[in-house]
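All values below were derived from every heavy atom in this structure, side-chain atoms included, with hydrogens, water molecules and symmetry-related copies excluded. Residue numbers begin at 1 in each chain, while the letters A, B, ... track the order of the sequences.
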Protein chains: 2
Amino acid sequence: MNPELFSTKQRILDAAEALFASHGFAGASLRQVTSSAQVNLAAVNYHFGSKENLINEVLRLRLDKLNADRTQALQAALAKSPAQLEDVLGAWIRPALAASANEKGSTAFVRILARTYAEQNERLRSFLHDNYGHVLRDFTTALGTLLPHLDKQELYWRMDIITGALTFAMADFGAIKRRGASAEQHRELTADHLIHFASAGLRAK
Amino acid sequence: MNPELFSTKQRILDAAEALFASHGFAGASLRQVTSSAQVNLAAVNYHFGSKENLINEVLRLRLDKLNADRTQALQAALAKSPAQLEDVLGAWIRPALAASANEKGSTAFVRILARTYAEQNERLRSFLHDNYGHVLRDFTTALGTLLPHLDKQELYWRMDIITGALTFAMADFGAIKRRGASAEQHRELTADHLIHFASAGLRAK
DNA sequence: CTAGAATTCAAACAAACGTTTGACAAGCGA
DNA sequence: TCGCTTGTCAAACGTTTGTTTGAATTCTAG
């Protein structure tokens with residue numbers, strides 16, 4: 001009942017997010033999580049009921065925010081007239097990359113997200129689909145008006161490609177090493193490259 | 001010592017590949033693997049020494065083939081003159097997508113690969129880097145001569161983006177559903193879209 | 001201040017984990 | 001046939017897993 005910032009529940013969520021990201025859902029044990037959060041082992045089951053519920057909670061909290069950020073950014077991009085393709089793409093890409101900078105400055109969540117895609121777990125897949133579906137549709141609709149030469153099916157193909165590249169970049173998987181650049185600078189650079197590349201890909205044909 | 005197709009060792013490799021893909025390295029137990037392979041539990045430690053060695057073996061076998069296929073396809077693409085950007089891209093993309101069609105027609109390996117990217121495990125990361133590094137360099141060099149307006153650093157950025165989209169597509173993560181199309185048809189369609197999109201992205205600016 | 005709810009804690013639970021063992025069977029060159 | 005390697009098997013090893021328990025503690029409304 002305590003909405004405090006450093007409550008037991010919140011500390012568990014933070015530690016779980018970081019450990020799930022680095023070791024996976026199966027690979028990170030509750031003992032690691034509770035030890036890192038400096039709470040008792042039983043606290044997870046007390047506050048969340050089970051490990052699976054904890055996993056879902058970690059995902060849900062972040063996804064809700066990402067979806068809200070993307071939706072808001074899309075509306076802002078569409079407010080300008082004429083709307084620019086780069087701005088709509090930015091509304092899809094930048095909130096996702098920004099999500100990597102949580103309170104602790106870690107990239108935990110995005111690695112979790114990328115990992116969740118890799119989990120064949122159907123419950124997680126459909127969970128993602130249910131939470132992402134309508135946002136993806138909104139973006140595809142917006143892109144459709146900007147790119148009238150592409151039909152719906154073709155737009156979904158290209159959004160698939162963009163989302164793949166974005167997911168990959170979110171988790172900082174690539175070979176690109178940021179030398180001297182701060183995390184924010186690197187993130188900005190990544191966003192610019194993604195938007196530039198994706199714009200050309202979308203305008204093709 | 002038996003190179004038989006259905007030897008204990010091979011059955012373990014096949015079962016491990018499928019189970020690692022669907023449940024992750026930590027999530028798939030040796031009991032699941034040996035049960036699925038219909039061999040004794042101790043067989044894994046007898047033939048591979050440990051679970052970690054089994055993981056490495058599963059990855060190594062597939063990566064060796066993928067690297068060889070890509071290198072060969074690149075040479076074929078460069079043999080034509082003038083070399084075409086789409087052909088070089090195809091040499092990077094098509095062998096990776098084709099790797100999804102193993103003997104059992106499953107997409108196990110590529111999901112493993114995608115999952116490996118998501119594993120923060122540094123040993124696996126460097127393992128991948130050591131096996132992929134020189135092939136990636138060869139492709140970047142080839143692309144550099146075709147795209148003289150892009151410097152080395154910019155090429156790595158764009159190859160990062162392409163590889164991300166490819167990895168995503170390899171694991172069949174996207175929202176695109178193949179309706180009625182066979183796996184091969186879908187793979188061809190995916191390759192065509194990726195190559196088309198990436199060509200435009202690479203030629204940009 | 002006090003009764004009762006909410007939370008934390010050490011300890012233990014059964015189950016599942018990767019690995020090891022030693023017995024036993026199969027294959028094979030001498 | 002012999003002796004030896006190779007492979008398979010059931011059983012057990014010690015850990016670690018997620019979860020539960022019941023007592024102790026902290027918090028909070030009356």
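- Protein atom NZ of A:Lys9 is 13 Å distant from nucleotide atom C1' of C:dA6, rounded to whole Å.
- Listed by chain and residue number, nothing satisfies the ring pair (Phe, Tyr, Trp, His ring centres under 6.0 Å) test with B:Phe48 (two or more places apart in sequence, or in another chain).
- At a threshold of 4.0 Å, the pair A:Glu86-A:Arg203 counts as salt-bridged, since one of the basic side-chain nitrogens sits closer than that to a carboxylate oxygen.
- Between the A:Glu188 side chain and the A:Gln185 main chain, no donor and acceptor come within less than 3.5 Å of each other.
- For B:Lys152, the NZ atom is densely surrounded, since the number of other residues' heavy atoms within 6.0 Å is greater than 12.
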When you check every protein heavy atom under 4.0 Å of nucleotides 23-29 of chain C, what one-letter string (B, S, -) results, 5' to 3'? -------
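- The distance between atom CZ of B:Phe48 and atom C1' of D:dT6, rounded to the nearest whole Å, is 16 Å.
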How does each nucleotide of nucleotides 13-27 of chain D score, in 5' to 3' order, for protein heavy atoms under 4.0 Å: base (B), sugar-phosphate only (S), or none (-)? ----BBBBB------
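- Proximity of B:His47 to the phosphate of D:dT6: no side-chain N or O atom is located under 4.0 Å from OP1 or OP2.
- Applying the ring pair (Phe, Tyr, Trp, His ring centres under 6.0 Å) rule to A:His193 yields the partners B:Trp157; only residues at least two apart in sequence or on another chain are considered.
- No hydrogens or angles considered: a donor-acceptor pair under 3.5 Å links the side chains of B:Gln10 and B:Asp14.
- Taking B:Thr8 as the reference, B:Ile12, B:Val39, B:Ala43, B:His47 meet the side-chain contact (heavy atoms from CB on, under 4.5 Å) condition, with sequence neighbours excluded.
- The phosphate of C:dT8 (OP1 or OP2) has a side-chain N or O of A:Thr8 nearer than 4.0 angstrom.
- Scanning for side-chain contact (heavy atoms from CB on, under 4.5 Å) contacts around B:Arg137 gives B:His134, B:Tyr156, with sequence neighbours left out.
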